[in-house]
Amino acid sequence: MAEKKVRVRFAPSPTGQLHVGNARTALFNWLFARQRGGVNVLRIEDTDVERSEARYETQLLEDLKWLGLDWDEGPDVGGPYAPYRQSDRMQIYQTVAERLVEEKKAYYCFCTPEELERDREQALKEGRQPIYSGKCRDLDSADAAERRAAGEPAAIRLEIPEHPIKFYDVVRGEVEFPSESVSDPIIMRSNGVPVYNYVVVIDDAEMKITHVIRGDDHLSNTPKQVALYEALGLPVPKFAHLSTILGPDRERLSKRHGATSIANFRDMGILPEALMNYLALLGWAPSGGTRETFTPQELIKEFSLKRVTPSSAIFDMEKLYWLNRHYLKKSPPARVAQLALPYFQRAGLLPKQPNEQISLWFGKLLTLLVPYVDKLEQLPEKAAQILRYPAPSASENLLSEFAKADAVLSALMEQIYNDSFVTTDRFKAIMAEIEAKTGAKGKDLFHPVRIVLIGSPSGPAFDQLIPLLEEGSRLPLPEHVKSVRERVSEFMDWRKRQG
RNA sequence: GUCCCCGUCGUCUAGCCCGGCCUAGGACAUCGCCCUUUCACGGCGGUAACACGGGUUCAAAUCCCGUCGGGGACGCCA
């Protein structure tokens, strides 16, 4: 019971939209913290002043919240280790760096970038690891002070110890790097700005982070960071490096693969619970490995860092769509309606302030359409197929393969001529009548009728479609929905005009 | 180049740590059938994988070595 509370952190840079890879990292941190009753920290890594922007930070928080994540400490909620924005912590980094120099764990380096570049090329040519030679390591501290006083720019480097650097990674096990493969890293630039690899460690240490869960692109940086913890005399946290998410071409997932940011998915009409579920399944599977759908609560219960897979994963849009369809079908109709409404308004299919009748009708329309789509975004297009009257010429082309189409349509026109409102029962009777009169059956009977009504041989069942059209035709919609009779007559008139 | 990580169906993965229960399980996609006077939804079924080569062992997807392939790092970027 005395076990220490776990503390994890998600530390994004506000330099753009929240990417799925980062979102998955945020999710795993969150799941781990929530399951263990620990603390989830949000820290903003904005040391790169040029690329960081306040609006991205706001958006970042919104995207995380939309996904269903929350945090216990962060720039917006505060906490015992505030501030949570690196740009507000500069003084700390400076102080600690100077202390490290005093303790001889770090040193001033006067090498110029050109000099370093030459050394690197030389090393590469000789087939050596291109790491820093360490030539400033043994500079006399009095000399160094003098040169600095004279205005010579100096960076601060951490001295990497001689022994191999080991650390524990929860997803990969024990990892060891030979000391010779690790360069003495710069922790303070000569202009006084601290370096990322250094500030993360200071912050993680100060914030008492127990588990560092992050992308595996940081794996090779980890030995430098471990050396820093050791120099600082602070406990090294456990690490968990998550594999990279790849695009279909096995390249690191990026904008050119299409939708990759959380905002993209939200705009398409992917449900947050579907995305969360999908992201959780990328690199993690429950024990047994046979279950696919999880609510956030179930994920919290089942999640385990130890079960995270080390190999990289290709992002599969189709499976995300499958999950989205699953959750779309499970969602209460009122919620789907609320989420779908803006898409219809933008397409000019629904008014800004739909009245109650329209909302009711819209609900029916959605239950009809939802089984046909992967994401909300596709709804207006699907609906347009039904709500807007299709071009008669297109229908005409489809009609040719049905032998008795002409007879069926004339009979239909005859029957429907006097009906201003067609009920489902009336429609059934009409179809029976046409069947009796023309002898057309099955597809020969039903398809021509469907084509004339909605411009396609496939679509919703008639007993749902007919009332939808008829009711819609009486509503004050931005675009008039044509009734059954209007549709049939319009088509027949068009035919007449064609001769 | 050097160092580190990774390698099970097309894809996500279970199994690997503690070898036999694996004629390798589930899911997405795909194909077929059923439901449906259409399509979609739904139901049922099929195709499909242990990267390769050596060991160790009575027995290897599982342990060891090597090869190959992919990724990352080696920055006064994050």
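The basis for the numbers below is simple: all heavy atoms, side chains too, and nothing from hydrogens, waters or symmetry mates. Below, chain A is the first sequence line, B the second, and so on; all start at residue 1.
Atom NZ of A:Lys135 has more than 12 neighbouring heavy atoms from other residues, nucleotides or ligands inside a 6.0 Å radius. Surrounding NZ of A:Lys105 are more than 12 heavy atoms belonging to other residues, nucleotides or ligands, all under 6.0 Å away.
With a cut-off of 3.5 Å on both Watson-Crick or G-U wobble distances, the partner of B:U57 is given as none. In this structure B:U30 sits in a base pair with B:G46, meeting the Watson-Crick or G-U test at under 3.5 Å. Taking a pair to require two hydrogen-bonding distances under 3.5 Å in either a Watson-Crick or a G-U wobble arrangement, B:C9 remains unpaired. Figure legend. B:C21 is base-paired to no nucleotide; pairs are counted as Watson-Crick or G-U wobble with both atom distances under 3.5 Å. Base pairing of B:C39 is not made with any nucleotide, judged by Watson-Crick or G-U wobble geometry with both donor-acceptor distances under 3.5 Å. In this structure B:C76 sits in no base pair that meets the Watson-Crick or G-U test at under 3.5 Å.
Using a cut-off of 4.0 Å between Lys/Arg side-chain N and Asp/Glu carboxylate O, A:Arg256 and A:Asp249 are scored as salt-bridged. Under a 4.0 Å N-O distance rule, the pair A:Glu159/A:Arg137 qualifies as a salt bridge. Taking the charged nitrogens against the carboxylate oxygens, A:Arg120 and A:Glu117 do have a contact shorter than 4.0 Å, which makes a salt bridge. Classification of A:Arg325 and A:Glu318 as a salt-bridged pair fails, no side-chain N sitting under 4.0 Å from a carboxylate O.
A parallel orientation is assigned to the rings of A:His241 and A:Phe239, their planes being inclined by less than 30° (bins at 30° and 60°).
Between the CD atom of A:Gln122 and the P atom of B:U2 there is a distance of 17 Å, given to the nearest Å. In this structure, A:Glu176 atom CD and B:C3 atom C1' are separated by 12 Å, rounded to whole Å. As a whole-Å value, the separation of A:Leu445 CG from B:U36 P is 17 Å. Between the P atom of B:C41 and the CD atom of A:Gln378 lies a distance of 12 Å, rounded to the nearest Å. A:Gln464 places its CD atom 16 Å from the P atom of B:A40, with the value rounded to the nearest Å. Residue A:Asp169 contributes atom CG, which lies 19 Å from atom P of B:C17 at whole-angstrom precision. One can place CG of A:Leu398 at 18 Å from P of B:U38, the figure rounded to the nearest angstrom. The nearest whole Å value for the distance from the CE atom in A:Met431 to the P atom in B:U38 is 12 Å.
Residue-level contact check: A:Pro457 touches the bases, meaning some heavy atom is under 4.0 Å from a base atom. Within the 4.0 angstrom heavy-atom criterion, no nucleotide atom of any strand lies near A:Ala123. Residue A:Gly459 is in base contact, counting any heavy-atom pair closer than 4.0 Å across all strands shown.
Against RNA chain B, the stretch residues 315-330 of chain A makes heavy-atom approaches under 4.0 Å through A:Asp316, A:Glu318, A:Lys319, A:Trp322, A:Arg325, A:Lys329.
A cation-pi arrangement is present between A:Arg24 and A:Phe28 under the rule of less than 6.0 angstrom and at most 45 degrees off the ring axis.
The separation of B:G46 from B:C39, taken at their P atoms, amounts to 24 Å, rounded to a whole angstrom. Nucleotides B:C50 and B:C5, compared at atom P, are 25 Å apart to the nearest Å. The separation of B:U11 from B:G71, taken at their P atoms, amounts to 15 Å, rounded to a whole angstrom. If you take atom C1' in B:C21 and the same atom in B:C16, they sit 15 Å apart, rounded to whole Å. Distance check on atom P: B:C31 versus B:U47 gives 16 Å, rounded to whole Å. Separation of the C1' atoms belonging to B:G70 and B:G75 is 24 Å when rounded to the nearest angstrom. One P atom belongs to B:G43, the other to B:G54, and the distance between them is 46 Å to the nearest Å. The separation of B:C17 from B:C22, taken at their P atoms, amounts to 16 Å, rounded to a whole angstrom.
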**Request:** Might you work through the side chain to side chain donor-acceptor pair (under 3.5 Å) test for A:Thr424 and A:Asp463, ending with a clear yes or no?
**Result:** CA-CA 6 Å; A:Thr424 312; A:Asp463 49 356; over 6 Å; no

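Residues A:Thr309 and A:Val373 each lie close to RNA chain B; by heavy-atom proximity, the contact nearer the 5' end of the strand is made by A:Thr309. Nearest-nucleotide assignment on RNA chain B puts the 5′-proximal partner with A:Ser311, out of A:Ser311 and A:Tyr372.
The shortest distance between the side-chain N/O atoms of A:Arg307 and the OP1/OP2 oxygens of B:G15 is below 4.0 Å.
Screening residues 433-457 of chain A for ring-ring contact (aromatic ring centres under 6.0 Å, His included), with sequence neighbours left out, gives A:Phe402-A:His447, A:Phe446-A:Phe462.
A:Trp322 has its ring centre no less than 6.0 Å from the ring centre of A:Tyr327.
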**Asked** Which nucleotides of nucleotides 66-78 of chain B have their base under 4.0 Å from a protein heavy atom (B), which only their sugar-phosphate (S), and which neither (-), written as one string 5' to 3'?
**Response** -----SBSBSBSB

